[in-house]
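Input: a single structure, listed below in C-alpha cells.
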Amino acid sequence: MKKIFYLSILFVFIFSFTALADDGSVVNENEIQSEETSVQPRYTYLRFVSVCLTIDKNGCAEYDCSAGAPDRNVRMKLYLQRSRNLFLWDDVIFTFKTVYDNGKISKTYDLTPNNYTYRAKVVVEVLDDDGNILETETAYSDTVRY
C-alpha cells in the first residue's frame, strides 16, 4: 500500500509542473506562451536555398545551388570543399553569381582519386538596393566520398 501511495505522490509531482510568472503568480505549464514555443518564419526575405553534389565513377563532380528572394538581389557563393577527417574542410574551387529574384549556379569539376570526402557549400546573401546585406544563409550538400 505504501508503494502505491509513494508512486502516486511521485506521479503527481512529475505531471503537475508549475512555474512562476514574472509578477510572482503561479502559472500552469500549459498556459505558458513564449516566442520559443510559437512558430516563427526562418527567413524574412529568403524564400528557398538548395545545394546538391554528385560525383560519377570517373571523378566528375557536378554541383549546383539555387536560391530566391522575391524582388531582391541575391548573391550566391558556391564552394566545392574536401576533407579527409570530416572535421576540417578545404575549399577546392569557388564561384559566385548575383541574380535578381532567384537563380541557379551549376558547375562541374574533375577530381583525382585521393580518398577525400567532398561537399558543396553555398553562402546566400540577400541584398537591398544599395548592396547592403539584409539576410545570410549557409547550406551544405550531402557528403560524397571519392
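By convention here, the first residue in the shown sequence is residue 1.
Between Y79 and the options V123, V51, V92, a side-chain contact (heavy atoms from CB on, under 4.5 Å) holds for only V123. Only one option out of K77, E135, E137, M76 pairs with E125 in a side-chain contact (heavy atoms from CB on, under 4.5 Å); it is K77.
N114 places no side-chain N or O within 3.5 Å of a backbone atom of Y116 that could act as its donor or acceptor partner. K97 places a side-chain N or O within donor-acceptor distance of the main-chain N or O of K104, the cut-off being under 3.5 Å. Listed for the D128 side chain is a donor-acceptor partner under 3.5 Å among the backbone atoms of D130.
Within the 4.5 Å cutoff, side-chain heavy atoms of V124 are placed close to those of V74. A 4.5 Å side-chain heavy-atom check between N73 and V126 finds every atom pair outside the cut-off. With contacts defined as side-chain heavy-atom distances shorter than 4.5 Å, the pair I105/V99 does not qualify.
The side-chain hydrogen bond (donor to acceptor under 3.5 Å, both in side chains) pairs that include a residue from residues 60-70 are S50-S66, where partners are two or more places apart or lie in different chains. For residues 85-95, the set of pairs meeting the side-chain hydrogen bond (donor to acceptor under 3.5 Å, both in side chains) definition, not counting sequence neighbours, comprises Q81-D91, S83-N85.
Under a cut-off of 6.0 angstrom, the local environment of CZ in F96 is sparse, with at most 12 non-hydrogen atoms contributed by other residues, nucleotides or ligands.
Summarising the geometry of P70 relative to D101, their closest heavy-atom pair is CA-OD1, 2.9 Å, with the distance given to 0.1 Å. Scanning all heavy atoms of the two residues, the minimum distance from Y43 to L46 falls at CB-O, 3.2 Å. Taking both residues in full, the closest heavy atoms of L53 and A120 are given as CD2-N, 4.0 Å, listed atom of the first, atom of the second, then distance.
Using modelled atom types, one finds a donor on one side chain and an acceptor on the other under 3.5 Å when comparing T117 with R145.
Atom OH of Y118 and atom OG1 of T54 lie 14.0 Å apart (nearest 0.5 Å). Rounded to the nearest 0.5 Å, atoms CG (L80) and CD1 (I55) are 7.0 Å apart.
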Item to check | side-chain contact (heavy atoms from CB on, under 4.5 Å) between L127 and I133, worked out | outcome: CA-CA 5 Å; L127 309 173; I133 298 172; 3.8 Å; yes
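Seen from the ring of Y100, R72 does not count as a face-on cation partner, given the 6.0 Å and 45° thresholds.
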